[in-house]
Asks: 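Structure below; questions to follow.
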Amino acid sequence: MIWPYDFGLLLLVVITAILALNLRDLMGASIVFGTYSFLMCLLWTAMAAVDVAFTEAAVGAGVSTVFFIATAYNIKKEAKD
Amino acid sequence: MKVLSLIIALVMGALLTVILDDLPAWGDAQSPANAHVSAYYLENAYKQTHVPNVVTAVLADYRGFDTMFETGVVFVAVIGIMAILRREGVPKGAKSRKRPPHQPPDPAITGVATRFIVPFMQIFGLYVIAHGHYSPGGGFQGGVILGASVILMAMTGELKSALNRMSEDWFIIMVGLGFLIFAGVGLACMFYGGNFLDYSALAPLFSGTPQEAAITARYHAMLWVEIGVGFTVMSSMFAIYTYLASDGWMDRGL
Amino acid sequence: MEWLQINYNYLLVIVLLMIGLWAMIGKNNLVKKCIGMCIFQNAIIMFFISMGVKAGSTIPILNYTKIDGVKTYLTEASMYANPLTQILMLTAIVVGVATLGMALTLVQKIYSEYGTCEEDEILEKLN
Amino acid sequence: MEQQYPVLIVIIPMFTAMVLTLAGWFKPAVCQPLAVVGLLGSFLSAVATLLQIGAGEVISYRLGGWEPPFGIEYRVDSLNALVLVMVSLVALLVAIFARKPVEKELGNKISNFYTLFVLLVTGLLGMTITGDAFNLYVLLEIAALTSYALLAMGRGRAYMATFNYVILGTIGACFYLLGVGLLLIKTGSLNMADIGTILPKLVGSETVLVAFGFLMVGVWIKMALFPFHGWLPNAYTYAPTATSCLVAPLMTKVSVYIMLRIMFTVYSADWIFNVIQWKPVVMVLAVVAILMGSFFALAQRDIKRMLTYLIVAEIGYMVGGAWTGTAAGLTGTIYHIMADGLMTVCLFMVIGSVVYRKGKAHFESFKDAFQSMPWTMGALIIGGLSMIGVPPTCGFFSKWYLISGAYQSSDYAFIVALLISSLVNAILFIRIVETAFFSATPSEIPDPHAHHEVDYADSPVSMLIPMWVSALALIAMGLYTGEIVTRWILPILPGGLI
């Protein structure tokens, strides 16, 4: 594995995680969470865990994000923190 | 609460940082986690099941019981969400005041694109389920893709158009049916005199010497199991989406 | 520095675990708590995957060589990444999405009951 | 057939759940009978398994036919088997009891309720019987998800209480998973017995110690031990009647069982009491849990809420007993898992009947209850006596063992806490009985012929039968204490205890 590439991915993961938690707009937070899941999926592909990465791409970046959006659509979209 | 949560998180982080030195080095092929049980799987999975994708072999056979209850977890989620969220006895027109006004989606671009994409997605989903023995994938991933194709229809068009193709009756039946297929394969093994989920007991159904027949039986039973998982997961993903997106009213998607 | 290069994956796991736990307990918005829950679960999955990595290995789908036209699968354990941890985490991802669905359902129910998703406002309305 | 009993215990309710979903979607009326039949099958298999086990034997059942460290294994010794019988018995009783309250409270969700009910029992039984650490996690999540859904089927405040439970429960389950991961990285195995044979070679490893910490905290959150108990009273109080009858007795007891399994099968008594020095801390937690549960119970006006605080106190009993490190204390804990399960279900069914008849479970609802609901109040008295610890009910014997264990290890604070808790229980139940017996106010006494005719409206028979079965089981268990302890509990006590 190319470790600078890996290191960059790790940094991005942490940044997206913090961003998803701190965005006031819930719709935006859901999308950033989708990005986070997708970055995780890239990391796991690099670690030779293809089945897990496949599942995470389908579930984490796909369906989970859709669930978040569905909920964010039905409630007030502004969060206080 | 904020300070408390920070303290708890920091304590947990400190505890884990302390033991970092004690963990085996990253990427060590000889560490206990990589040696004891997992080496056995890699060395014997093909011999015993003829499935080159070791992940599928272990998932559906060696630890098939876990996978059955993993299907069970999805099943529980559907039934639970239905029990909490589904609204009954409410006239169709009576919408809650708090919901944002519904804007029917403009089908000009998304609708046409969806019509193109959905068949390909579904074929890909079926391929992922069927080809899980040889490539990454299997019942769960394929099921999610199939479910996503139906969700896509519900998102771009009206929820009704998706529900016309897969009504509530159908997805409840399919959620139960998938789980029943998985557990039914296990029960069939008991019927033929083996332990629960011991697929090699199904050997009398297949031709060849007893040894070969047992391996073939494992191979085929795994496919059935994956199909069962696919059924449950596909319908459950759509079911959860339906209840969440329409807030239990079953009238519209996003 | 060498230690960091070897173990930085575990460090990331710890950082994510801390972020997730902090969000689950300390965040005010219920949806944010759910996001924290997903991050927490993801971090644990990352931990399991990291422990199953072997240097210089490939994905756990067996390779084969053809000797006289007969396929022979190579089954040497050090060639492939650890399948066991991957299987465990497949299950954990599924459990995670089921829990997420349940949590979001409750968020919607709470919203239709109290008209808000902020914990402090709900507690105010309860008293 | 005989060797298939262990798996039948779990898969009979599982198949029942699937059939229930499909049948119940079209015809809800068949749900309750089906659920009762399924749970009866499970109960009979559990009894058969218990009777198969000789002294100190272990039945191993290989799922999928693979040998233990590679496949998943069911290991049944007499500790599992006792808990299995208790869980399936309580579930069966509650399934019979649930018919009327469910029809009244959850009229349009009957099929969902019974499906989740049976799956929750499946999860609890699977957690109890399994010998594989990760399989336990999956079933833990099944039990957790079903209990979230069942608790949230209540009204109003139930949603927020359940949401808190979801968050804390997920933290608990994830901590458990993290602990299993740390053990996996050190031992490479997931089978509990296999890990138990590898761990003695790793004495002094920090990872193993931290793993123990995560496993314990995870299980403590699930069982609501003192600093982690916040979610329990709200979640159980606002739940539907039938749900709280099932969840309150079983969830916490099964978590205690898991704690014992981790302490004495995965780790060893020797390691816990001689190598690490956690005992004083845990004993303090147990003592505080008992005292705090008892005092908060005193302050409640709602009887259901009062009982939930008593559950918190009972958890303190069991954790304290297990951590005294004596054979008597551990015997008391194992015996108390059974006894407390039956007591709690008996009392919750009584409260459920009162709620069914009077709508609420405040002290006021108990006015004149002896005239209107004599049989229900009879069960309340037996359950209350057992909770206080009066012989010949089983509550007395478990307390006896716990106190003698604490005396041997000189944990006097624990003894004092137990006695105070018994006193508080006595006060609480005497208060209820007093309200139920002598509630006529002084002004009404001079004129006995004024209309003070209370309607005789006892609980329906379908609710009285399970209530009285559990009440009689309390007495029967007390009378057969000696046999239960010598035949099933003493042979499995681990070595290394005082």
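The analysis underlying the following values was restricted to heavy atoms, covering all of them including side chains, and did not include hydrogens, waters or symmetry mates. Letters go in sequence order (proteins before strands), and every chain restarts at 1.
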Asks: Can you give me the closest heavy-atom contact between Ala81(C) and Ala48(A), atom names plus distance?
Replies: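 For Ala81(C) versus Ala48(A), the nearest heavy atoms are CB-CB, 3.8 Å.
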Asks: Does Glu121(C) pair with Lys80(A) as a salt bridge, N-O distance under 4.0 Å?
Replies: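 Lys80(A) and Glu121(C): salt-bridged.
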Asks: Assess whether side chain to side chain contact (heavy atoms under 4.5 Å, CB included) is satisfied between Phe33(A) and Val31(C), documenting all intermediate values.
Replies: CA-CA 12 Å; Phe33(A) 176 76; Val31(C) 179; over 6 Å; no
Asks: Can you check whether Ile110(C) reaches Ile75(A) side chain to side chain, under 4.5 Å on heavy atoms?
Replies: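 Answer no - side chains too far apart.
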Asks: Show the nearest heavy-atom pair for residues Lys32(C) and Ala29(A), with the distance to one decimal.
Replies: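 Heavy atoms only, the tightest pair is CE-CB, 4.1 Å.
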Asks: Measure the spacing between CH2 of Trp44(A) and OG of Ser50(C) and express it to the nearest 0.5 Å.
Replies: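 Rounded to the nearest 0.5 Å, the CH2-OG separation comes to 9.5 Å.
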Asks: Is it the backbone or the side chain of Gln86(C) that comes under 4.5 Å from a heavy atom of chain A, or both, or neither?
Replies: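 Looking at Gln86(C), backbone and side chain both touch chain A.
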Asks: Quick check for you: to the nearest 0.5 Å, what is the distance between Phe68(A) atom CZ and Ile35(C) atom CD1?
Replies: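 One finds 5.0 Å between CZ of Phe68(A) and CD1 of Ile35(C).
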Asks: Counting C-beta onward and ignoring hydrogens, is there a side-chain heavy-atom pair between Leu16(C) and Tyr36(A) closer than 4.5 Å?
Replies: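 Yes, their side chains come closer than 4.5 Å.
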Asks: To the nearest 0.5 angstrom, please state how far the CE atom of Met46(C) sits from the CG atom of Leu43(A).
Replies: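 That separation rounds to 4.5 Å.
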Asks: Taking Leu21(A), Val50(A), Leu23(A), Thr45(A) one by one, which has the highest count of heavy-atom pairs under 4.5 Å against chain C?
Replies: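 Answer, by heavy-atom pair count under 4.5 Å with chain C: Leu21(A).
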Asks: Taking Gly101(C), Ala92(C), Gly20(C), Cys38(C) one by one, which has the highest count of heavy-atom pairs under 4.5 Å against chain A?
Replies: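 Highest number of heavy-atom pairs under 4.5 Å: Cys38(C).
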Asks: Could you pull out the closest heavy-atom pair between Leu90(C) and Asp51(A), with the gap in Å?
Replies: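 In this case the closest contact between Leu90(C) and Asp51(A) is CD2-O, 3.8 Å.
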Asks: Please state whether the side chain, the backbone, both or neither of Leu12(C) comes within less than 4.5 Å of a heavy atom of chain A.
Replies: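 Side chain only.
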Asks: Mind running side-chain hydrogen bond (donor to acceptor under 3.5 Å, both in side chains) on Lys27(C) and Asn22(A) for me, showing each step along the way?
Replies: CA-CA 10 Å; Lys27(C) 276 282 174 187; Asn22(A) 284 323; 3.1 Å; yes
Asks: For Val52(A), is it the side chain, the backbone, both, or neither that has a heavy atom closer than 4.5 Å to a heavy atom of chain C?
Replies: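 When you check distances to chain C, atoms from both the backbone and side chain of Val52(A) fall under 4.5 Å.
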Asks: Before you tell me yes or no, could you show the steps for Leu26(A) and Asn29(C) under side chain to side chain contact (heavy atoms under 4.5 Å, CB included), namely the whole-Å CA-CA distance, both residues' side-chain angles and the distance that decides it to 0.1 Å?
Replies: CA-CA 10 Å; Leu26(A) 287 183; Asn29(C) 189 290; 4.1 Å; yes
Asks: Let me confirm one number: the CD-CE distance from Glu56(A) to Met89(C), rounded to the nearest 0.5 Å.
Replies: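 So the CD of Glu56(A) and the CE of Met89(C) are separated by 12.0 Å.
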Asks: Any idea which of Ile45(C), Thr85(C), Leu30(C), Thr58(C) has the most non-hydrogen atom pairs under 4.5 angstrom with chain A?
Replies: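 When all of Ile45(C), Thr85(C), Leu30(C), Thr58(C) are compared, Ile45(C) has the most.
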Asks: I'd like to know which of Leu100(C), Val97(C), Asn42(C), Asp120(C) tops the heavy-atom pair count under 4.5 Å against chain A.
Replies: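 Result: the option with the highest number of such pairs is Asn42(C).
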Asks: Atom CD1 of Ile93(C) and atom OG1 of Thr55(A): how far apart are they, to the nearest 0.5 Å?
Replies: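 If we round to the nearest 0.5 Å, Ile93(C):CD1 and Thr55(A):OG1 are 5.0 Å apart.
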Asks: Assess whether atom OH of Tyr73(C) is packed by more than 12 heavy atoms of other residues, nucleotides or ligands within 6.0 Å.
Replies: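 Correct, the count exceeds 12.
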